[in-house]
Structure formats: C-alpha cells, structure tokens
**Student:** 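For reference, the structure I am asking about is given below.
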Amino acid sequence: MQQTYNAIVVLSNSTLSDKQNVHSIPANLCPRCTKGSIVSDTSGEVVCTNCGYVVTQTIEDQGKEWRSFSDDNHDRARTGAPTSLTKYDMGLNTTIGTSDRDSSGNSIAMSMKATMHRLRDWDRRSKLHSPADRNLARAFNELGRLGEKLALNDMVIEKTAYIYRKAEEKRLTRGRSITSLLAASVYSACRDTETPRTLKEVANSCNIKKKEVARYYRLLIKELDLKMPVVDPAKCISKIANKADISEKSKRKALEMIRMAIDEKISSGKGPMGLAATALYLACVLNGESMTQERIAEASGVTSVTIRNRCKGLKTGLKM
DNA sequence: TAAGATAAGAGGGACAT
DNA sequence: ATGTCAGTCTTATCTTA
C-alpha cells in the first residue's frame with residue numbers, strides 16, 4: 001500500500017519542466033494490474049476501473065489541477081477551484097442562474113420567466129433534498145468551524161470528510177447526532193494523520209461529552225474497519241513541552257526515558273499522554289528546571305494524580 | 001503551596017458463561 | 001448477549017513538608 005501511495009504522489013508531483021511529459025505519463029495507471037486507470041468514485045474512494053484495486057491516501061492530491069498549462073505561468077482559468085470532499089457535492093454543482101436574459105442577452109418572455117423561476121426552485125430543492133446531502137451539507141458546515149477551532153490543516157479536514165462520507169454511506173448517521181459523529185470523524189482523522197489532538201480537545205470544541213465522542217470513535221473504527229497508527233509518545237512530548245515552555249534539554253531527556261520505559265515494558269496499557277507528561281516532569285526535576293506537576297497536568301490534559309501514579313512506576317521501573 | 005495519599009466512581013477491554 | 005474482573009484514569013478531599 002505504501003508502495004502505491006508513493007507511486008501516485010511521485011507521478012502527481014512530477015513537474016512541468018518538460019511539457020510533453022504531462023500528456024505522455026500515464027499518471028493514473030493502476031499500479032497493480034497496469035491495465036485500468038485510477039479514478040475517484042463519488043465517495044472519494046480512489047479505485048482502478050479494471051481490477052477494482054482501491055487506493056487510499058491520495059486525498060491530499062486533489063489539488064493537482066492547480067497548475068498552469070500555458071507558457072506564461074499565470075493562466076489558471078481552466079481549472080476552477082479544486083474539488084473537495086468537504087463540499088456535500090464536492091464543489092461540482094450546477095445552478096440555474098437568476099438572470100432574466102437568454103444566452104444572447106435578450107430579455108426573455110414573461111411566461112418563460114415564470115417557468116425558469118419554477119425550474120430554479122425545483123433545482124434548488126432537489127439538490128439539498130436528499131437526506132444524505134442535507135446531512136453532509138450540515139456536517140461540513142460544522143467541520144469548517146471545528147477545523148478552525150482546533151487549528152487543523154487541510155489534510156486532516158479532507159480526511160475527516162472522507163471518513164464522514166464513509167460513515168454516511170454505511171448509514172451510521174441514522175438516529176445519531178451529526179455533531180458527535182463529525183467530532184468522532186475529526187478525532188479519527190487526527191489519529192490517522194498523527195496530528196496530536198486529544199479526545200478532550202475535540203469534544204470541548206464542539207460542546208460534546210468526551211465519552212460520547214469516544215463511543216462514536218469506536219463505532220467508526222469497528223464499522224469502517226479503520227486501522228489507526230499507535231500514538232507516538234514523542235509527539236505527545238513535544239506538544240506538552242511547547243505548551244508548558246520546557247527546554248530542549250529536558251525534552252530530550254524525557255524522550256530517552258520514554259524509550260527506556262517502552263523497553264522495560266512498563267508502558268503498556270498506560271495512556272501515552274500521562275506517560276509523556278510524567279517523563280517530562282521527571283526530566284525537568286532531574287535537570288533542575290522548576291516545574292510543578294500541576295502545570296504539566298494542565299498542559300497535557302491528564303491529572304496530577306495520574307502523573308504521580310506514573311511517577312511511581314517509572315521510578316521503580318527505571319531504577320531511579 | 002506543592003506534593004503525596006486515599007477513596008470512590010466511570011468507562012472500557014478481556015474473558016467466561 | 002450478558003456479567004464479572006482487573007486495571008486505568010478522574011474527581012475530590014485530606015495530610016505532609
């Protein structure tokens with residue numbers, strides 16, 4: 001899978017130094033059967049037309065048409081906005097205009113105006129009247145806000161939209177809260193892209209209980225068969241260290257302790273945040289930096305009690 | 001004031017029934 | 001499907017240095 005991903009990225013990133021190449025490179029040839037071509041289906045899934053091979057992880061490539069094909073590098077008019085999974089119709093809608101003139105600029109007859117008005121009405125209604133589309137439209141509206149609140153990059157946002165669409169497809173939205181499911185999708189996307197955001201942060205920024213998001217998150221994992229990379233304590237460390245203003249020296253020390261803890265097998269079953277927080281705390285104390293458990297607890301989102309409990313284990317485990 | 005101790009309760013995973 | 005169990009983490013309160 002990794003192989004595939006690389007292949008796609010390399011092809012899409014190939015520069016335009018040689019313009020002939022743009023058309024001669026079969027940029028969307030299936031890497032498995034090399035016969036069919038890779039296309040996006042309506043859910044954002046990327047599949048081969050010949051063998052059905054599903055390529056994931058290509059979402060960040062959606063913007064590749066944003067290149068100039070003309071000699072001067074200014075003409076981007078032919079592309080339009082990049083499509084995005086965060087639009088309920090992926091940004092590809094067609095709307096009947098409101099002008100009361102025909103294509104050659106002459107005004108149109110009264111009766112035709114009325115007809116157009118009716119058509120426009122039904123056009124608009126039909127678009128958002130599919131419950132699925134209305135659901136997506138509402139969810140992605142909220143997603144914009146959420147993304148801003150949590151300072152998420154576009155990659156995470158698109159990933160979220162992808163996950164939410166899959167959930168919608170599986171009818172997981174039925175009888176469930178849109179906001180909660182969206183929050184869970186956001187959290188999943190964060191986990192998947194290794195963007196350090198805690199369950200608590202996500203839950204707080206949309207005023208939902210943590211356990212609700214957690215429950216929906218597990219639902220997504222189960223129903224969509226998602227595989228999440230394990231949380232990297234190193235990322236936790238830098239996040240906490242930034243928040244609590246901790247020196248580089250202590251950071252490295254903490255990292256070392258985490259590695260030892262993993263080697264000593266005293267880290268399993270423990271929350272990575274609590275572990276990282278404790279390592280940082282001990283590192284600060286060892287380096288003579290002034291740091292309280294409370295401050296670390298505040299920055300990491302775990303309680304000082306947890307830090308103390310981890311302290312015991314870490315101290316005995318590492319023979320300190 | 002920071003750190004430590006203790007207790008009670010929530011929520012979930014593993015496992016057996 | 002349901003219940004039990006060990007273990008984690010949180011909240012709250014009290015004590016110690």
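Below, read A as the first sequence line, B as the second, and so on, with proteins coming before strands; counting in each chain starts at 1.
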**Student:** Can you tell me how far C1' of B:dA3 sits from CD of A:Gln293, to the nearest Å?
**Tutor:**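 Rounded to the whole Å, the gap is 6 Å.
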**Student:** Donor-acceptor pair, A:Arg197 side chain versus A:Ala151 backbone, under 3.5 Å?
**Tutor:**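 Checked: pair present.
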**Student:** How close or far is atom P of B:dG12 from atom CG of A:Leu219, stated in whole angstroms?
**Tutor:** 12 Å
**Student:** Please tell me which of A:Arg218 and A:Met291 maps to the more 5' nucleotide of DNA chain B, matching each residue to the nucleotide holding its nearest heavy atom.
**Tutor:** A:Met291
**Student:** A:Leu280 and A:Ala241: which non-hydrogen atoms are nearest, and at how many Å?
**Tutor:** CD1-N, 3.9 Å
**Student:** Tell me whether A:Arg165 is salt-bridged to A:Glu168, with the criterion being a basic N under 4.0 Å from an acidic carboxylate O.
**Tutor:**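 No, no charged N to carboxylate O under 4.0 Å.
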**Student:** Just the rounded figure in Å: distance from C1' of B:dG13 to NZ of A:Lys211.
**Tutor:**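 The answer, rounded to whole Å, is 17 Å.
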**Student:** What is the separation between atom CD on A:Glu294 and atom P on B:dG4, rounded to the nearest whole Å?
**Tutor:** 13 Å
**Student:** What's the CD1-C1' distance between A:Ile221 and B:dG12, to the nearest Å?
**Tutor:** 15 Å
**Student:** What pairs with A:Lys265 under salt bridge (Lys or Arg N to Asp or Glu O under 4.0 Å), at least two apart in sequence or on another chain?
**Tutor:**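 Checked A:Lys265 against salt bridge (Lys or Arg N to Asp or Glu O under 4.0 Å); zero matches.
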**Student:** I'd like to check the side chain to side chain donor-acceptor pair (under 3.5 Å) partners of A:Lys239; sequence neighbours left out, ordered by chain and number.
**Tutor:**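 Side chain to side chain donor-acceptor pair (under 3.5 Å) check on A:Lys239 returns A:Glu201.
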**Student:** Between B:dA10 atom C1' and A:Glu212 atom CD, what is the distance in whole Å?
**Tutor:**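 To the nearest whole Å, that distance equals 15 Å.
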**Student:** To the nearest 0.5 Å, what is the distance between CG (A:Leu220) and NZ (A:Lys170)?
**Tutor:** 11.0 Å
**Student:** For nucleotides 8-13 of chain C, give me one character per nucleotide, 5' to 3': B if any protein heavy atom sits under 4.0 Å from the base, S if the only such contacts are to the sugar-phosphate, - if neither.
**Tutor:** SSBBB-
**Student:** Ignoring the backbone of A:Lys312, work out which of B:dA5, B:dA3, B:dG12 is nearest its side chain.
**Tutor:** B:dA5
